[in-house]
2 protein chains.
Amino acid sequence: MRRFIVLGHTAPTDPDFSLDDLAGAAGRLDVLARCVNSAFFLSHGLRESVRVFLVLSDTVTIRLEGVELRYMNPDERNIAGLLRQALDSRAEAIGHSEVESTPGIYVSNRGFEDVLKATAREGAIIQLHEEGTPLADVEPPENPAFVLSDHQDFTTAEHDLLEEYTTKRVSVGPKALHADHVISVVHNYLDTEGYSI
Amino acid sequence: MRRFIVLGHTAPTDPDFSLDDLAGAAGRLDVLARCVNSAFFLSHGLRESVRVFLVLSDTVTIRLEGVELRYMNPDERNIAGLLRQALDSRAEAIGHSEVESTPGIYVSNRGFEDVLKATAREGAIIQLHEEGTPLADVEPPENPAFVLSDHQDFTTAEHDLLEEYTTKRVSVGPKALHADHVISVVHNYLDTEGYSI
């Protein structure tokens, strides 16, 4: 299974935002919606063996499961609408428990460290960063969890946490790319090299 | 220079659509907006040496020039707004002449064949198709123009035209991907292999 953790530094944690202003008042939720698109969509269906964690303002985490997802279209507005429904269900999530808002989409009151801890138990954590080892020089581990940041760089605190949990720091190329483009490249690399993960 | 031609089979040719329904009433303009995003955006700026042709319903063509673009944000709504402004300027485009609607965005009453003819004069035409030669086995020519289709496959007429103009048919991997994801992969391949185009 391919796993992606995306940090949304300015993302909303409540559902009171308009789908008409994702890049503004909704705290750049457009960036996270595009990451969800890149992580799951193929021309003729969804990638089933993919799990995405969106960590919103280090407070709320939305988990999306490819094999369970329904009713998702690839446009930002549709994806953001599903994320808003998840935030709307957040009040029902007690402690670190998860609530399923729509098929395959789960919300919990967890921050980055909680997600890192949980994902590290199930496979290696790989930080995608422009200064890492080239992807082509890395033998991908089973169950990799790739960690990416949104339009802002990782904070110092996030860097320190990643130092603790990351097994590898990997770069997809010589240019710094948007997180959603990185996800497309990682998928294509794993597809082309024939990795069964 | 890297050039991309994207066919929008159901795309609008007039500006009377709402930005709230890009994936519906606006004829899947969301797909083309994402292609523009993938073609131009880097983390810290735009790719300047890129030209994109969006061919809308084989009737109108919008040309975007990386080096001239201004005021573009990566979200679908912003890009679609700029495309709508281009369609709004279309009435001023007489014959095959182009009108600049906003910096770096030009509209003309040209269909696919006109665009193919013009781009073929300036470099090789490469069809991106899941059944082509793997990208890694192809030495990219100078000034390549990569041709992609939106959410619908190429029509028979488009296939026939491409047969006439295409020098190569190239695949980016074993899975059929959305056009915008293909653009991300092509860029990354050319970046990583160090091609100066």
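Residue numbers begin at 1 in each chain, while the letters A, B, ... track the order of the sequences.
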Atom [atom1] of [X] and atom [atom2] of [Y]: how far apart are they, to the nearest 0.5 Å?
{"X": "B:D20", "Y": "A:L19", "atom1": "CG", "atom2": "CG", "answer": "9.0 Å"}
{"X": "B:D180", "Y": "A:F41", "atom1": "CG", "atom2": "CZ", "answer": "11.0 Å"}
{"X": "B:H44", "Y": "A:L177", "atom1": "NE2", "atom2": "CG", "answer": "10.0 Å"}
{"X": "A:R34", "Y": "B:E76", "atom1": "CZ", "atom2": "CD", "answer": "7.5 Å"}

In the single-linkage hydrophobic clustering (I, L, V, M, F, W, Y; side-chain heavy atoms under 4.5 Å), do [X] and [Y] co-cluster?
{"X": "B:V107", "Y": "B:F53", "answer": "no"}
{"X": "A:I5", "Y": "A:L83", "answer": "no"}
{"X": "B:L148", "Y": "B:L7", "answer": "no"}
{"X": "A:I105", "Y": "A:V50", "answer": "yes"}
{"X": "B:V6", "Y": "B:V36", "answer": "yes"}

Heavy-atom side-chain proximity of B:D75 to A:R28 below 4.5 angstrom: no
Heavy-atom check, side chain of A:R47 versus side chain of B:K175, under 4.5 Å: yes
Contacting moiety of B:P74, where chain A heavy atoms sit under 4.5 Å: both
Closest contact, heavy atoms only, A:N188 versus B:V172: ND2-O, 2.9 Å
Minimum heavy-atom distance between B:D191 and A:P174, given as atom pair plus value: O-CG, 3.3 Å
Residues in side chain to side chain contact (heavy atoms under 4.5 Å, CB included) contact with A:P15, at least two apart in sequence or another chain: A:R84, A:L87, A:D88
Side-chain donor or acceptor of A:H178 paired with backbone N/O of B:L42 under 3.5 Å: yes
Donor-acceptor side-chain pairing of B:N37 and A:H181 below 3.5 angstrom: yes
